[in-house]
Amino acid sequence: MPTTIVLSFPWGLYHATPWGRHVNEGAVEWPPSPWRILRGLYSVWQNRLPQLDGSAVESVLQQLVVPPDFILPSELMEAHKRHYMPDEKHRTADSGNTDKIIDAFSVMARGASVAATWPVDLGPAERSLLAQLVNALPYLGRSESVCEARLAEDGEVFAGRLSRPLGTGDPESTADLTRILVPDHPLDLGQLLALPKQVRKRRLPSPPGAYWQVYATEDADQIGMQQRARRSTPIGDPPTAVRWALAEADRPSLHSALAITGVLRRACMSMVGDPPSETLAGKDSDGTPLQGHRHAHYLALDEDGDFLIDHLVVWAPAGLEPKEIGALSRLTRLRSHEHLRDFRPAHLGIEAVASIGTAAKILTGPSTSWSSCTPFIPPRHAKKRVSWEFHLQQQVREE
């Protein structure tokens, strides 16, 4: 049966700052990331239960690297407190010389719980070991997030909002999209224990051995553990587009669309790795181009009309697989080692994983005419004794 960890918060508060965000931004990581949960279990082993067999603990943690499904409290809100901490120049009788610290947290009903379900069937000995680790977990996130953790019993049912890794449900029906840290497979304990200051010193966008997984959260009512088991095939039509926003300072001219989308294509293929994605590459394993325009299209958008690129979109009419979506959701920066006059590095923030009608409304809908402000390169060479104008019109019609 699947393995479910239930995290109850007796105070109804969850304090955790998402990776890459400053504490004073007031952001809260929700749902709790699997990366954070595994770090918590490892800490319990080292500090509270060192007598447990190390190889057995590592084996259990290794099986929990698959992104879990979550059942979250139906009613949740975010709040914060402001603390003015005295610095070294502060004196009791004087005002000033204090630093403002924002303590942001999620608020839920007292005793509300989060159920995280992994599609992993552990043996009796492994479940017993995991139960010891889970029962000894004093808090999750910052130390103010007091929690009571336990393993769920067979057949136990939970009510709340269902949150799944994107690709296992219909993204069009979701109420919320967010991304959280998930450990790589296989799990590297050395990377799992990396301190934030060590990662920042190396100027990495995320901890080594982890990646960003987009989660879709939707309403769920009385969903049992057997219903939350991972499905082998997606529900409904797969998403066809991924959309990013460019950082304000990185927005290049619309005339550099060809250069930046070329770099975007190589970056997307690099994120997927081996074996390469036929959809993103536009050709099969034998190098034969895909027919019927089923390949990915790399688009640069100027939605506010200032002739600067503000959004990038990858559109695959045939749909994107979960592996491709997971890889594209981890793309946060574009850079090129080639000398491209029209290209400059850009920081990206993922905005949507959906249909092309949602990701790029500016390009869809009924119309009798259209105009292109980006460079167009005919895919074929002009034949002899054919004018350039005729050749260009013919290529546009084919496209």
Checklist line | Under 3.5 Å: donor-acceptor pair, side chain of E148, backbone of S8 | finding: no
Notebook entry, point to check: Would you call the rings of H293 and H297 parallel, tilted or perpendicular if under 30° counts as parallel and over 60° as perpendicular?
Noted result: parallel
Check: Does the W244 side chain pair with the main chain of G349, one donor and one acceptor, at a distance under 3.5 Å?
Finding: no
Notebook entry, point to check: Can you tell me if NE2 on H83 sees more than 12 non-hydrogen neighbours from other groups inside 6.0 Å?
Noted result: yes
Item checked: Euclidean distance, L72 CG relative to Y14 OH, rounded to 0.5 Å -> 10.5 Å
Notebook entry, point to check: From L122 CG over to S128 OG, what is the distance, rounded to the nearest 0.5 angstrom?
Noted result: 11.0 Å
Checklist line | Ion pair check, E29 and R36, cut-off under 4.0 Å | finding: yes
Margin query: List the residues meeting salt bridge (Lys or Arg N to Asp or Glu O under 4.0 Å) with E351, not counting sequence neighbours, and say none if there are none.
Written below: R243
Item checked: N135 to A149 - nearest heavy-atom pair and separation -> OD1-O, 3.3 Å
Note to self: If you apply the rule salt bridge (Lys or Arg N to Asp or Glu O under 4.0 Å), what do you find for D121 with R127, and how did you get there?
What the structure shows: CA-CA 9 Å; D121 188 6; R127 285 187 62 85; over 6 Å; no
Notebook entry, point to check: More than 12 heavy atoms of other residues, nucleotides or ligands under 6.0 Å from CD of E75: is that the case?
Noted result: no
Notebook entry, point to check: Does OH belonging to Y139 count more than 12 external heavy atoms closer than 6.0 Å?
Noted result: no
Item checked: Residues H185, V66; criterion side chain to side chain contact (heavy atoms under 4.5 Å, CB included); working and verdict -> CA-CA 8 Å; H185 184 277; V66 182; 5.8 Å; no
Next item on the list: Heavy atoms only: give me the nearest T261-A257 pair and the separation to one decimal.
Entry: OG1-O, 2.6 Å
Margin query: Using every non-hydrogen atom in the two residues, find where L264 and V313 come nearest and quote the distance to one decimal.
Written below: CD2-O, 4.5 Å
Notebook entry, point to check: At their closest point, which heavy atom of Y215 faces which heavy atom of P68, and how far apart are they?
Noted result: OH-O, 2.6 Å
Notebook entry, point to check: Taking the six-membered ring of W212 as reference, does the NZ or CZ atom of R179 fall below 6.0 Å from its centre and within a 45° cone about the axis?
Noted result: yes
Checklist line | Short N-O contact, E156 and R150, less than 4.0 angstrom | finding: yes
Note to self: Please determine whether a side-chain nitrogen of the Lys or Arg among R82 and D103 lies less than 4.0 Å from a carboxylate oxygen of the Asp or Glu.
What the structure shows: no
Next item on the list: Using side-chain contact (heavy atoms from CB on, under 4.5 Å) as the criterion, list what pairs up with K323, not counting sequence neighbours.
Entry: V272, P275
Margin query: Applying side-chain hydrogen bond (donor to acceptor under 3.5 Å, both in side chains) to S277 and E324, what does each step give before you reach the verdict?
Written below: CA-CA 7 Å; S277 164; E324 296 163 343; 2.5 Å; yes
Item checked: Listed partners of D302 passing salt bridge (Lys or Arg N to Asp or Glu O under 4.0 Å), at least two apart -> none
Checklist line | Shortest non-hydrogen contact between L246 and I309, atoms and distance | finding: CD2-O, 3.8 Å
Checklist line | Identified side-chain contact (heavy atoms from CB on, under 4.5 Å) partner of L299 from the options L363, V314, I362 | finding: L363
Margin query: On a heavy-atom basis, which atom in P165 and which in Q213 lie closest, and how many Å separate them?
Written below: CB-NE2, 3.7 Å
Item checked: Min side-chain heavy-atom separation V6-F158 under 4.5 Å -> yes
Checklist line | Main-chain N/O of G123 paired with E126 side-chain donor or acceptor, under 3.5 Å | finding: yes
Next item on the list: Could you tell me whether the side chain of D310 and the main chain of E303 form a donor-acceptor pair under 3.5 Å?
Entry: yes
Next item on the list: Report yes or no: does S113 contribute a side-chain atom to a donor-acceptor pair with the main-chain N or O of L7 at less than 3.5 Å?
Entry: no
Margin query: For a side-chain hydrogen bond (donor to acceptor under 3.5 Å, both in side chains) check, start with the C-alpha distance between D286 and T288, then their side-chain angles and the critical distance, and finish with the verdict.
Written below: CA-CA 6 Å; D286 297 328; T288 304; 5.4 Å; no
Note to self: Angle between ring planes, H255 versus F307, binned at 30° and 60°: parallel, tilted or perpendicular?
What the structure shows: parallel
